[in-house]
Protein chains: 2
Amino acid sequence: MSEKEPSRVRRRNDPLDHSVLRKSERTRLAIINAALEFLSTHPFRDLTVAQLMSLAGTSRSAFYQYFEDLHDLMEKLLRGLEEDIFQVAAPWFQGDGDPIPMLEETMAGLVQLCYRQGSILRAVADAAPQDERLEHVWLEFLNDFDDAVTDRIEQHQASGLIEPFDARPVAIALNRMDASLLIHHFGRRPRSQQQPVREVIVRIWTSTLYPELSREGSVPAQSRSRRKAKPGK
Amino acid sequence: MSEKEPSRVRRRNDPLDHSVLRKSERTRLAIINAALEFLSTHPFRDLTVAQLMSLAGTSRSAFYQYFEDLHDLMEKLLRGLEEDIFQVAAPWFQGDGDPIPMLEETMAGLVQLCYRQGSILRAVADAAPQDERLEHVWLEFLNDFDDAVTDRIEQHQASGLIEPFDARPVAIALNRMDASLLIHHFGRRPRSQQQPVREVIVRIWTSTLYPELSREGSVPAQSRSRRKAKPGK
DNA sequence: AGTATAATCTGACGTCATGTCAGAAAAAGA
DNA sequence: TCTTTTTCTGACATGACGTCAGATTATACT
C-alpha cells in the first residue's frame with residue numbers, strides 16, 4: 001500500500017491548499033480511485049483508458065505517465081491487496097494452538113477483506129489472461145499462497161496434527177477453491193452474504209486437513225457464529 | 001494442417017474426392033481445427049482472426065461467415081466439451097451403490113478428459129471475462145454443474161449417506177475447485193500428471209462429503225494406485 | 001512576489017485488430 | 001456447358017492503443 005514517503009516536505013508557501021501531495025501523486029491517486037470506483041460497478045472489459053481518464057479528470061494521454069497500460073494498473077492494484085491478504089491470513093499460518101479456531105479466524109478475515117475488495121480481485125483475475133506480464137504476477141501471487149499453505153500443512157503433519165500426504169497438491173486445490181469462491185461470491189454486485197461462504201470454506205478445509213478434530217463439536221456446523229466480528233466500520 | 005487438394009479437378013461425378021462435405025462445412029471444420037491446434041500451443045490472447053484464418057487457409061474475412069467473432073468460436077468449442085463432460089461424469093451423478101468408487105470413476109474420467117482437452121477449457125475460461133455473452137455461457141455451464149452436484153448431494157443426504165448441511169454452497173465450492181484445478185494442471189503445456197490431480201480431487205470430495213466412509217481403508221491414500229492405470233493413451 | 005526550471009499535460013499522429021460489404025470467384029445443380 | 005447459389009476476397013470505416021513534441025502548469029529559489 002505505502003509507496004514512497006511524501007518525502008522532502010520543503011514547501012515554503014502553503015502547498016497545503018493543494019494538499020501536501022505533489023501534483024503527480026494527486027493525479028496518480030485520482031486515476032487509482034477512478035479505477036476502483038469504476039471496477040466496483042463495471043467489469044474490467046468495459047474499462048478503457050479514455051473512460052478512466054475522463055473519470056479521473058485529465059486527458060487520456062496523461063494516463064501513460066503513470067502506468068504502462070491498463071494491465072500495469074491492475075498489477076498495482078493487486079500489489080495493494082496482496083499485503084492486506086497475507087496480513088489477514090496470519091492466524092492459521094503463524095498462530096499456535098488449536099488449529100481449527102485459527103483457521104476460522106483466518107478465513108473470517110479473508111472473507112471479510114474480499115467482501116470489501118472483491119471487485120478488485122475479480123478485475124485482476126479477469127484481466128490476467130489478457131496480458132502475459134499480469135498473468136505472471138497473478139500466478140506468482142497464487143503460488144506464494146500455495147507455498148505458504150504447503151509449508152503450514154507440512155508443519156502440522158510433522159507435529160501429527162495432519163495425517164501424512166503430499167501437501168502441495170492439496171494446498172493448491174484448497175487455494176484455488178478459495179480464490180474462485182471469493183471471486184464468485186464477492187467479485188460482482190450484488191454480493192453474497194459472508195457467512196455461508198465463510199462456513200463452506202472452513203468446512204472443506206477442516207474436513208480435508210483435520211478430519212478427526214472436525215468430527216466433534218460441530219453439528220451441521222451452522223451455529224458456530226463467533227464474535228460479532230466488529231462491523232469493520 | 002491440410003492445404004487444399006490439388007483440386008482444379010472439378011469432378012462432380014464423385015464428390016467423395018472432396019469428401020462428402022459441403023464446402024462451407026469443410027471450411028468451418030478447418031477453422032475449428034486451426035483454432036484447436038493453435039490453442040493447444042498458444043494462449044487465447046495471442047489468437048487473432050488473421051492468424052487463425054491464415055492457419056485455416058482462407059482469407060480473414062471469410063471467418064465472419066462462420067462465426068460472429070472469436071468469442072462465438074470459443075462458445076462453440078465449449079459446447080463441444082460440455083457434452084463429453086457431462087457424459088463422463090455420469091457414474092457419481094447417476095449410479096447407485098458405494099458412492100466413493102463412483103466418485104473415483106467420475107473424477108478419473110473427468111481428469112482424463114481434461115488432460116486431453118484442457119487447453120480448450122483454459123482458452124474458454126481465459127476468454128470468458130472479455131465478452132459478456134461468452135461469460136454468460138461459461139457461468140451457465142458452471143451453474144449447470146452446481147445444480148447437478150447440489151441435487152446429488154441432497155439425494156445422498158436424504159438417504160443418509162451425507163450428513164445434512166446446506167448443499168449448494170458446498171457444491172459450488174467443490175465445482176470451482178475442480179474447474180480451477182483442471183485448468184491449472186492441464187490448461188497449458190507441459191501438463192501435470194493425472195494421478196496426483198485425480199487423487200487430490202477425490203480426497204477433498206470424499207473427506208467433505210463422506211467423512212465417515214473415507215476414514216477407513218485409505219491410509220495416507222498414497223498406495224491407492226492399485227491397478228496400473230493403463231498408461232493413458 | 002517573480003521568474004527560471006522542472007514537472008506535468010495535451011492534441012495529433014501512426015498502428016493494429018476488428019467487423020462489414022459489394023463484387024469476384026468458385027461450387028452445386030441441371 | 002450454363003445457371004444459380006454459395007463462398008471468398010480486398011477495401012473500407014471504426015475504435016482503442018501508445019507515443020511524442022510542444023504547450024502549460026507546478027515548484028523552487030531569490
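Remember, it's a predicted structure, so these values are computed and weren't measured experimentally. First the proteins, then the strands, lettered A, B, ... as listed; each starts at 1.
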What is the separation between atom [atom1] on [X] and atom [atom2] on [N], rounded to the nearest whole Å?
{"X": "Leu21(A)", "N": "dT27(D)", "atom1": "CG", "atom2": "P", "result": "10 Å"}
{"X": "Phe63(B)", "N": "dT7(D)", "atom1": "CZ", "atom2": "C1'", "result": "16 Å"}
{"X": "Tyr64(B)", "N": "dG10(D)", "atom1": "OH", "atom2": "P", "result": "15 Å"}
{"X": "Leu70(B)", "N": "dA17(C)", "atom1": "CG", "atom2": "C1'", "result": "10 Å"}
{"X": "Gln51(B)", "N": "dT18(C)", "atom1": "CD", "atom2": "C1'", "result": "15 Å"}
{"X": "His71(A)", "N": "dA16(D)", "atom1": "NE2", "atom2": "P", "result": "15 Å"}
{"X": "Met53(B)", "N": "dA17(C)", "atom1": "CE", "atom2": "C1'", "result": "15 Å"}
{"X": "Glu25(B)", "N": "dT6(D)", "atom1": "CD", "atom2": "P", "result": "15 Å"}

At less than 3.5 Å, do the side-chain atoms of Thr48(A) and the base atoms of dG15(D) form a donor-acceptor pair?
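Under the 3.5 Å cut-off, the side chain and the base do not form any donor-acceptor pair.
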Within less than 4.0 Å of OP1 or OP2 of dT8(C), is there a side-chain N or O belonging to Arg22(A)?
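Looking at the OP1 and OP2 atoms of dT8(C), one of them is under 4.0 Å from a side-chain N or O of Arg22(A).
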Using only side-chain N and O atoms of Lys23(B), determine if any of them is under 4.0 Å from OP1 or OP2 of dT5(D).
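No.
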Below 4.5 Å, heavy atoms only, C-beta onward: do [X] and [Y] meet side chain to side chain?
{"X": "Val124(A)", "Y": "Trp138(A)", "answer": "yes"}
{"X": "Arg79(A)", "Y": "Glu82(A)", "answer": "yes"}
{"X": "Tyr66(B)", "Y": "Asp72(B)", "answer": "no"}

From dT8(C), dC9(C), dT18(C), pick the nucleotide closest to the side chain of Ser59(A)?
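The answer is dC9(C), which lies nearest to the side chain.
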Quick check on DNA chain C: between Gln65(A) and Arg60(A), whose nearest nucleotide comes earlier from the 5' end?
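Looking at DNA chain C, the more 5' nearest nucleotide goes with Gln65(A).
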Do Gln195(B) and Glu199(B) get their side chains close enough for a donor-acceptor pair, meaning under 3.5 Å?
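On atom types as modelled, these side chains qualify, holding a pair under 3.5 Å.
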What contact category does Ser61(A) fall into here, base, sugar-phosphate, or nothing, at under 4.0 angstrom with non-hydrogen atoms?
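Base contact - Ser61(A) has a heavy atom under 4.0 Å of at least one base atom.
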So what does Phe67(B) hit on the nucleic acid, given a heavy-atom distance under 4.0 Å: a base, only sugar-phosphate, or nothing?
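Nothing, no heavy atom under 4.0 Å.
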Can a salt bridge be assigned to the pair Glu68(B) and Arg133(B) using a cut-off of 4.0 Å between side-chain N and carboxylate O?
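Salt bridge flag = no for Arg133(B) with Glu68(B).
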